[in-house]
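So the structure is just underneath, and the comments pick up after that.
Sequence positions, counted from 1, serve as the residue numbers for this chain.
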Amino acid sequence: MKVLLVMLIALFANTAYADDMSIDMLNKRDDGAKMVYSEDVARVEVGDTITWLPTSKGHNVEFIAGPDGWKAPKKSKLSKEYSFTFDTPGVYLYQCTPHKSMGMIALVVVSEGGEAPLNDVSKTKVKGKSKKKLKQLIEELNK
């Protein structure tokens, strides 16, 4: 079941696969989506680093959910590059603080040896358009 779930995660749009990677903070993505990160779901391994780039001004990164026992780092400053190295496998939910009600949220799925424990981030309180977007992201993970 876990293998099937990991394979399904690989199929949905705007998913990135990399060792260390960069994600842009955008006012508008190439597909027309507004107030978004360049990737809705990023997949990395334990020990990998993601760097968020302020391609458009006024955005940041604030982690709001992660694996059990994980402590969220402080949110990044607006319009500043931000890097984070993932050391715990699981699913992480983050948002742009100023644009959270506009649906500017995304997930990071962190695997260890190809396995990613899929902790439940679906009960995380989000506002506005982020409610619908989180529901869509969770549905994709659970297919």
Side-chain angles (χ1 to χ4, degrees), residues 1-56 58-76 78 80-143:
M1 181 70 174
K2 285 184 182 181
V3 172
L4 177 61
L5 201 49
V6 170
M7 288 173 38
L8 286 173
I9 291 169
L11 295 177
F12 59 94
N14 294 316
T15 301
Y17 303 90
D19 294 328
D20 292 346
M21 67 182 301
S22 297
I23 294 177
D24 295 331
M25 301 180 238
L26 302 166
N27 290 337
K28 187 175 180 182
R29 196 166 51 201
D30 290 343
D31 64 2
K34 295 180 181 176
M35 298 301 164
V36 292
Y37 297 98
S38 58
E39 306 296 337
D40 289 330
V41 177
R43 289 199 54 209
V44 298
E45 287 285 326
V46 168
D48 290 347
T49 300
I50 295 179
T51 300
W52 286 265
L53 304 171
T55 307
S56 302
H59 302 296
N60 75 336
V61 174
E62 178 184 14
F63 285 95
I64 56 174
D68 292 338
W70 177 77
K71 185 176 178 180
K74 291 183 179 180
K75 64 184 172 186
S76 70
L78 290 177
K80 298 292 181 186
E81 185 174 303
Y82 177 72
S83 294
F84 186 77
T85 301
F86 293 88
D87 59 5
T88 304
V91 178
Y92 296 77
L93 172 62
Y94 65 96
Q95 66 186 7
C96 173
T97 310
H99 302 110
K100 59 189 173 193
S101 66
M102 297 176 77
M104 193 166 177
I105 64 170
L107 297 175
V108 177
V109 179
V110 181
S111 301
E112 186 168 39
E115 297 269 333
L118 299 177
N119 50 288
D120 187 9
V121 296
S122 67
K123 296 188 185 358
T124 305
K125 291 186 180 188
V126 293
K127 297 181 179 187
K129 292 180 181 178
S130 289
K131 290 178 185 179
K132 182 178 178 182
K133 185 167 182 182
L134 179 57
K135 185 177 178 181
Q136 291 169 340
L137 294 173
I138 298 301
E139 286 174 359
E140 290 295 328
L141 287 178
N142 291 324
K143 282 186 179 180

Out of the candidates M102, M104, M25, only one should pair with C96 under the side chain to side chain contact (heavy atoms under 4.5 Å, CB included) rule; please name it. M104
Can you list everything that forms a salt bridge (charged side-chain N to carboxylate O under 4.0 Å, His left out) with K133? Sequence neighbours excluded, please. D40
Nearest 0.5 Å, what's the OG-NZ distance between S122 and K135? 11.0 Å
Could you walk me through whether I50 and Y94 pass the side-chain contact (heavy atoms from CB on, under 4.5 Å) test, one step at a time? CA-CA 13 Å; I50 295 179; Y94 65 96; over 6 Å; no
Residue set satisfying side chain to side chain contact (heavy atoms under 4.5 Å, CB included) with T49, at least two apart, ordered chain then number -> D20, T51, S83, T85
Could you go through M21 and V44, starting from their C-alpha distance and side-chain angles, then the distance that decides it, and tell me whether this counts as side-chain contact (heavy atoms from CB on, under 4.5 Å)? CA-CA 8 Å; M21 67 182 301; V44 298; 3.8 Å; yes
Quick one: closest heavy-atom pair of G103 and S130, and the distance? CA-OG, 3.2 Å
Please tell me if the side chains of E81 and P54 come closer than 4.5 Å, counting only heavy atoms from C-beta onward. yes
Under the side chain to side chain donor-acceptor pair (under 3.5 Å) test, residues paired with T88 that sit two or more places apart: none
What residues, two or more places apart in sequence or in another chain, satisfy side chain to side chain donor-acceptor pair (under 3.5 Å) together with T55? D24
Quick check: closest heavy atoms across D87 and V46, and the distance to 0.1 Å? O-CG1, 3.7 Å
Under the ring pair (Phe, Tyr, Trp, His ring centres under 6.0 Å) test, residues paired with Y82 that sit two or more places apart: W52
With K75, which residues qualify under side chain to side chain contact (heavy atoms under 4.5 Å, CB included), at least two apart? N60, E62, T97
Taken to the nearest 0.5 Å, the spacing of E139 CD from L134 CG works out to 10.0 Å
Apply side-chain contact (heavy atoms from CB on, under 4.5 Å) to D31 and V36, showing your working. CA-CA 11 Å; D31 64 2; V36 292; 5.7 Å; no
Applying ring-ring contact (aromatic ring centres under 6.0 Å, His included) as the test, list every pair that has at least one member in residues 110-130; sequence neighbours left out. none
With sequence neighbours left out, what residues match Y37 under side chain to side chain donor-acceptor pair (under 3.5 Å)? none
Pair listing, ring-ring contact (aromatic ring centres under 6.0 Å, His included) test, anchored in residues 96-118, at least two apart: H59-H99
Which atom pair, heavy atoms only, marks the closest approach of A106 to L137? CA-CD1, 4.4 Å
Atom CD1 of I138 and atom CG of L93: how far apart are they, to the nearest 0.5 Å? 7.5 Å
Mind checking the OG-CE spacing from S56 to M35? Nearest 0.5 Å is all I need. 7.5 Å
Mind listing the closest non-hydrogen atom pair of I105 and Q95 along with its distance? CG2-CB, 3.7 Å
In terms of the angle between their ring planes, are Y92 and F86 parallel, tilted or perpendicular, with boundaries placed at 30° and 60°? perpendicular
Taking all non-hydrogen atoms of both residues into account, name the closest pair between G58 and L78 and its distance. O-CD2, 3.6 Å
Side-chain donor-acceptor pairs under 3.5 Å in residues 67-74, sequence neighbours left out?
none

How close do P89 and E112 get, counting heavy atoms only, and between which atoms? CG-OE1, 3.8 Å
S111 and R43: side-chain contact (heavy atoms from CB on, under 4.5 Å), yes or no, with the steps? CA-CA 8 Å; S111 301; R43 289 199 54 209; 3.4 Å; yes
How would you list, by chain and number, every residue that makes a salt bridge (charged side-chain N to carboxylate O under 4.0 Å, His left out) with D120, sequence neighbours excluded? K123
Side chain proximity check, L107 to L141, heavy atoms < 4.5 angstrom: yes
